[in-house]
Amino acid sequence: MTEKRGELVLRVVPGITEINSNGHIFGGWILSQMDIAGGIVAGRLAEGAVATVAIDGMKFISPMLLGDIVTVYAHEERRGRTSLGIRVDVVATRGTDQRQIDLTSGIFTFVALDDQHRPRVLPAR
Ligand SMILES: CC(=O)SCCNC(=O)CCNC(=O)[C@H](O)C(C)(C)COP(=O)(O)OP(=O)(O)OC[C@H]1O[C@@H](n2cnc3c(N)ncnc32)[C@H](O)[C@@H]1OP(=O)(O)O
């Protein structure tokens, strides 16, 4: 996982309903938290509506367990004309010693949208 994790965007505790038959948290639930966190950062940078168009380099590094506190970090990695590549990293805080465990990472591409739901040129910095 990257050393530069970026901004802490979300801290969440998964519930019992997020557990699969292995006793791990569903990958889809984690993906959803990543999409939410990335979308918060992308929406702020785009100064408006964004939609997820692609997810690349998604990696599930280690299982997430019930009781983990999940922290989602995100930062801008690439800026195009209408799209932003947001790197999203997820870390668990686990156990009484509060150890940090890298869980997942990926690059989410968000497209800035106009009011017709079509791509919109990103604002100048
Ligand atoms: C289906 C769902 O509900 S998924 C959940 C939420 N997401 C959505 O609803 C989005 C559904 N998708 C869409 O509405 C459309 O694909 C849009 C509006 C996001 C993009 O429309 P397109 O016609 O593909 O736009 P266009 O070809 O102009 O590309 C727009 C930007 O997205 C980028 N892009 C498009 N597809 C991809 C892709 N697969 N990977 C990375 N970037 C992509 C383009 O490179 C371009 O970026 P740039 O302007 O910075 O160079």
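Indexing begins at 1, ligand by ligand and atom by atom, following the structure's order. Everything quoted here is computed from the prediction, not taken from an experiment.
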(message) Quick check on atom 17 (C) of ligand 1 - does any protein heavy atom sit closer than 4.0 Å to it?
(response) no
(message) Please give me the minimum heavy-atom distance between Leu66 and Pro14, naming the atom from each residue.
(response) CD1-O, 3.9 Å
(message) Checking contacts here: is it the side chain or the backbone of Ala54 that comes within 4.0 Å of ligand 1, counting heavy atoms only? Could be both or neither.
(response) side chain
(request) Looking only at protein heavy atoms, identify the closest one to atom 26 (P) of ligand 1 and say how far it is in Å. (result) Pro119 CG, 4.2 Å
(request) Look at atom 1 (C) of ligand 1 and say whether a protein heavy atom is found at less than 4.0 angstrom from it. (result) no
(request) Check whether any protein heavy atom sits under 4.0 Å from atom 29 (O) of ligand 1. (result) no
(message) Under the rule for side chain to side chain donor-acceptor pair (under 3.5 Å), what residues qualify as partners of Gln100, not counting sequence neighbours?
(response) Thr93
(request) Considering heavy atoms of the protein only, find what lies nearest to atom 32 (O) of ligand 1 and give residue, atom and distance to 0.1 Å. (result) Val111 CG2, 3.3 Å
(request) Please check if a non-hydrogen protein atom sits closer than 4.0 Å to atom 5 (C) of ligand 1. (result) no
(message) Is there a path of hydrophobic side-chain contacts, each under 4.5 Å between heavy atoms of I/L/V/M/F/W/Y residues, joining Met34 to Leu65?
(response) no
(message) Using a 4.0 Å cutoff against the non-hydrogen atoms of Gly80, which atoms of ligand 1 qualify?
(response) 50 (O)
(message) Show the nearest heavy-atom pair for residues Asp68 and Pro63, with the distance to one decimal.
(response) OD2-O, 4.5 Å
(request) Give a yes or no on whether Ile107 and Leu122 share a hydrophobic cluster (residues Ile, Leu, Val, Met, Phe, Trp, Tyr; joining criterion: side-chain heavy atoms under 4.5 Å apart). (result) no
(request) Looking only at distances, please establish whether an N/O atom of ligand 1 is found under 3.5 Å from an N/O atom of Thr109. (result) no
(message) Can you tell whether the side chains of Glu47 and Arg44 come within less than 4.0 Å, N to carboxylate O?
(response) no
(request) List every atom of ligand 1 that sits less than 4.0 Å from any heavy atom of Leu113, numbering the atoms from 1 in the order shown and giving each element. (result) 18 (C)
(request) Determine yes or no for a side-chain-to-main-chain donor-acceptor pair under 3.5 angstrom, with Arg120 supplying the side chain and Ala46 the backbone. (result) yes
(request) Write out the residue and atom name of the closest protein heavy atom to atom 46 (C) of ligand 1, then the distance separating them to 0.1 Å. (result) Thr82 OG1, 3.7 Å
(message) Give me the residue, atom name and distance of the protein heavy atom closest to atom 44 (C) of ligand 1.
(response) Ser83 OG, 4.7 Å
(message) Please list the nearest protein heavy atom to atom 36 (N) of ligand 1 with its residue and the distance rounded to 0.1 Å.
(response) Val53 CG2, 3.7 Å
(request) Using a strict cut-off of less than 4.0 Å between a Lys/Arg side-chain nitrogen and an Asp/Glu carboxylate oxygen, indicate whether Asp102 and Arg5 qualify as a salt bridge. (result) yes
(message) Among residues at least two apart in sequence or on other chains, which ones pass side-chain contact (heavy atoms from CB on, under 4.5 Å) with Asp35?
(response) Thr52, Phe108, Phe110
(request) Report, in ascending order of atom number, the atoms of ligand 1 lying under 4.0 Å from any heavy atom of His117. (result) 18 (C)
(message) So if I count the atoms of ligand 1 from 1 in the order they appear, which ones are less than 4.0 Å from some heavy atom of Arg81?
(response) 48 (P), 49 (O), 50 (O)
(request) Would you name the heavy atoms of Gly38 and Ile86 that are closest together and state the gap between them? (result) CA-CG2, 4.1 Å
(request) Taking atom 38 (C) of ligand 1 as the reference point, report whether a protein heavy atom occurs under 4.0 Å from it. (result) yes
(request) Measure the distance from atom 9 (O) of ligand 1 to every protein heavy atom, then report the residue, atom name and distance (to 0.1 Å) of the closest one. (result) Ala51 CB, 4.5 Å
(request) Find out whether Leu31 and Met58 are in side-chain contact, i.e. whether some heavy atom of one side chain is under 4.5 Å from a heavy atom of the other. (result) yes
(request) Give the residue and atom name of whichever protein heavy atom lies nearest to atom 11 (C) of ligand 1, and the separation in Å to one decimal. (result) Thr52 O, 4.6 Å
(request) Answer yes if Ile16 and Trp29 sit in the same cluster of Ile, Leu, Val, Met, Phe, Trp and Tyr residues linked by side chain heavy atoms under 4.5 Å apart, and no otherwise. (result) yes
(message) Looking only at protein heavy atoms, which one is nearest to atom 23 (O) of ligand 1, and what is the separation?
(response) Arg118 NH2, 3.0 Å
